[in-house]
There are 2 protein chains.
Amino acid sequence: MNGQDAELVMTFEDGTPLYLQVAQLLQRLIDGGTYPVGTLLPPESDLAQQLSVSRHTIRQAIGQLRQRGVLSARKGVGTRVEAPEDDWRSRFSANSRGGLFDFARSTELHFKHRQMTEVRGNLAADMGVRPGRKFLHLSGPRYYSGDKNPFCVNEVFLEPRLKEVVENIDILRVALFTLVEASTGERVKEIQQEIRAVHLDEVQAGYLGRNQGDLGMRLSRRYLGSGSRLLEYAVQYYPGDTFAYHTTLSST
Amino acid sequence: MNGQDAELVMTFEDGTPLYLQVAQLLQRLIDGGTYPVGTLLPPESDLAQQLSVSRHTIRQAIGQLRQRGVLSARKGVGTRVEAPEDDWRSRFSANSRGGLFDFARSTELHFKHRQMTEVRGNLAADMGVRPGRKFLHLSGPRYYSGDKNPFCVNEVFLEPRLKEVVENIDILRVALFTLVEASTGERVKEIQQEIRAVHLDEVQAGYLGRNQGDLGMRLSRRYLGSGSRLLEYAVQYYPGDTFAYHTTLSST
DNA sequence: TTTCAGTATAAGTACGAACATAAGGGACGG
DNA sequence: CCGTCCCTTATGTTCGTACTTATACTGAAA
């Protein structure tokens, strides 16, 4: 007879869908320790009753958290808490082995080109914006501080209104999105990252000391603000023979 | 009044859920050119009526194909075909244990080869074990449930003592490490994942419908038990032209 | 003590219905 | 000719209900 969980109340009834509100509530309860990692959530039907929503809505909410890897479900058993809120701000630098992703202090991005571009075709599709939209396009090699040869080639696309953020910057030693956040006051809510294999083009190969057509890895990131608004889009190219992307999934 | 689309009939009523059958049907119709890339699918309500299923089931089916990147939907407009025909664009997102679990359940791994091998050289180094150690080596293609063509080639290395875990299994529909956990009673504490770009060898290319030397992605995972003991090592090869590895880092 | 069958549980699947909301198009007036 | 408003369309959200199936537990039989 667990009569202790009386704090299950939905708050703020704004325009966000109910199932997202439920998902956020569950996330808060998980982070807050009400549902510790490794334990089972109450059954869907119980949650539905306690929150006065339909089981279908609960399932949608749980589906969200399952997609993010926070929950996992098994028929006949229940829904298990797999991970606390994934704290990407720490993982961002933590999943780098050899400091490949340590943007903050150990690398330098040298902007060699900057221009306004209309994005279209594949690029527009990758960015998730309408073809024809204008962006400020910056590009250049990235060095380990003090190194002579770059280990990575960068491309960055910024909204035109953020022009003055990078106006006077030729060498960047911090994560660009922190500057964007500081300038706009808008917080980056989500980063969507994509990794794929590519052939290096002539320019990239030149920077990286490889030959055109050699194996490479392309790592792109979409920085989204509130309302899935694209604030920044960045692409990095690495030589395929030396680069590997490492992640550790621990179950605590 | 388009009275031409009379070929919308569901076949084989086996144990697979209805919404997956619908998803496969839609995929076939897309590949077959009935719904060309770039065009809009008929409205959900029309599809539901034509197939004599509920709109809810149609939405589940469409949801599957949206997850794979085959379809995209916009409110008030419709559902658009995004992927080129006969390109089953594999999108794989897994940044958690639960993600791997769900991934394995919507796919099938067919074991084609199984043998004892002594690992050495690069492989031993990647696995993090002494060269010369013996492992049970299984390999084969992986399919989306119901698909004809594999989207991935798998290799699995297991400790010899876990032989009976896969003894009678030819088609695997769950995450292998859960079987290992169940058999040994030892919980997987950590999964170390590595992604790199490769050229496909002849066998891999054959399975994936590509040519030898084509661009590919290699995704390896080390499943560690307590005390950093290697329980399982798995490698997956994907075609580089259609495969992308996605991660979402959200801050809410 | 072990094994097996039955039962309870909880997620999965599938139906139906209704309303909300975004997009696009067309009518209408300026 | 152009912008505004409204209506239609199609997906999104939310409720309700019922049944299926995998899993675990329990209790009886061997």
Side-chain angles (χ1 to χ4, degrees), chain A residues 2 10 13-26 35 39-67 70-82 130 227-229, chain B residues 1-2 10 13-26 35 39-67 70-82 98 101-102 104-106 145-146 172-175 178-179 181-182 185:
Chain A
N2 43 0
M10 301 294 328
E13 278 282 345
D14 62 349
T16 52
L18 189 49
Y19 73 94
L20 285 181
Q21 294 182 41
V22 174
Q24 288 162 24
L25 172 63
L26 290 177
Y35 303 131
T39 62
L40 292 177
L41 247 54
E44 293 171 349
S45 43
D46 288 17
L47 286 173
Q49 203 172 10
Q50 288 173 39
L51 296 177
S52 303
V53 299
S54 76
R55 192 183 149 215
H56 190 256
T57 301
I58 296 290
R59 281 183 65 77
Q60 277 185 95
I62 288 177
Q64 289 285 314
L65 298 182
R66 284 176 64 174
Q67 268 196 332
V70 177
L71 299 177
S72 74
R74 278 210 305 169
K75 196 192 293 193
V77 181
T79 306
R80 192 173 300 276
V81 181
E82 293 288 348
R130 291 189 311 280
S228 292
R229 178 183 171 69
Chain B
M1 301 352 200
N2 42 2
M10 302 293 329
E13 277 282 347
D14 59 350
T16 51
L18 188 50
Y19 74 93
L20 283 181
Q21 295 183 42
V22 173
Q24 289 160 27
L25 172 63
L26 290 177
Y35 303 131
T39 62
L40 293 177
L41 249 54
E44 294 170 350
S45 43
D46 288 18
L47 286 173
Q49 203 171 11
Q50 289 173 39
L51 296 177
S52 302
V53 299
S54 75
R55 189 179 153 220
H56 187 257
T57 302
I58 295 290
R59 282 184 65 77
Q60 277 185 95
I62 288 178
Q64 289 283 314
L65 298 181
R66 285 176 64 174
Q67 269 196 332
V70 176
L71 298 177
S72 73
R74 280 209 320 179
K75 195 190 293 193
V77 181
T79 305
R80 193 172 300 276
V81 181
E82 295 288 351
F101 195 84
D102 285 343
R105 289 201 324 159
S106 60
S145 300
L172 186 70
R173 293 170 216 271
V174 298
T178 61
L179 299 184
E181 282 182 341

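The span of DNA chain D lying next to chain B, judged by atoms under 4.0 Å from heavy atoms, is bounded 5' to 3' by D:dT9 to D:dT13.
Map A:Gly76 and A:His56 each onto its nearest nucleotide of DNA chain D; the residue landing nearer the 5' end is A:His56. Comparing B:Ser54 and A:Pro43 by the nucleotide of DNA chain C that holds the closest heavy atom to each, the one mapping nearer the 5' end is A:Pro43.
Listed by chain and number, the residues in a salt bridge (Lys or Arg N to Asp or Glu O under 4.0 Å) with A:Arg80 amount to none (sequence neighbours excluded). For B:Arg55, the salt bridge (Lys or Arg N to Asp or Glu O under 4.0 Å) partners at least two apart in sequence or on another chain are B:Glu44.
Using a 4.0 Å heavy-atom cutoff across all strands shown, B:Arg66 reaches sugar-phosphate atoms only and no base atom.
When rounded to the nearest whole Å, the span between CD of B:Gln21 and P of C:dA14 equals 8 Å. The interatomic distance linking A:Asp46 (CG) with C:dA8 (P) rounds to 17 Å, in whole Å. Here C:dT9 presents its P atom at 14 Å from CD of A:Gln49, a figure rounded to the nearest Å. In this structure, CZ of B:Arg80 is placed 13 Å from P of C:dA23, rounded to the nearest angstrom. Between the CD atom of B:Gln60 and the P atom of C:dG16 there is a distance of 14 Å, rounded to whole Å. Between the CD atom of A:Glu44 and the P atom of C:dT13 there is a distance of 11 Å, rounded to whole Å. What separates CG of A:Leu41 from P of C:dT9 is a distance of 18 Å, to the nearest Å.
Annotation: side chain of B:Leu51 is in contact with side chain of B:Leu25 (closest heavy-atom distance under 4.5 Å). Inter-residue side-chain proximity for B:Thr79 and B:Leu40 is flagged as unmet; no heavy-atom pair is nearer than 4.5 Å. Between B:Gln60 and B:His56 the shortest side-chain heavy-atom distance falls below 4.5 Å.
Within the 4.0 Å cut-off from OP1 or OP2 of C:dG24, at least one side-chain nitrogen or oxygen of B:Arg74 is found. For A:Thr79, a side-chain nitrogen or oxygen approaches OP1 or OP2 of C:dA11 to under 4.0 Å. Look at A:Arg59 and you'll find a side-chain N or O under 4.0 angstrom from OP1 or OP2 of C:dG12. Checking the phosphate oxygens (OP1, OP2) of C:dA11, no side-chain nitrogen or oxygen of A:Ser45 falls inside 4.0 Å.
Rounded to the nearest 0.5 Å, atoms CG (B:Leu65) and CD (B:Gln24) are 9.5 Å apart. B:Leu47 CG to B:Gln49 CD: the interatomic distance, rounded to the nearest 0.5 Å, is 10.5 Å.
Side-chain atoms of B:Pro17 lie closest to C:dA14 of the nucleotides C:dA11, C:dA14, C:dT21.
Taking 3.5 Å as the limit, the base of C:dG12 and the side chain of A:Arg55 contain a donor-acceptor pair of atoms between them.
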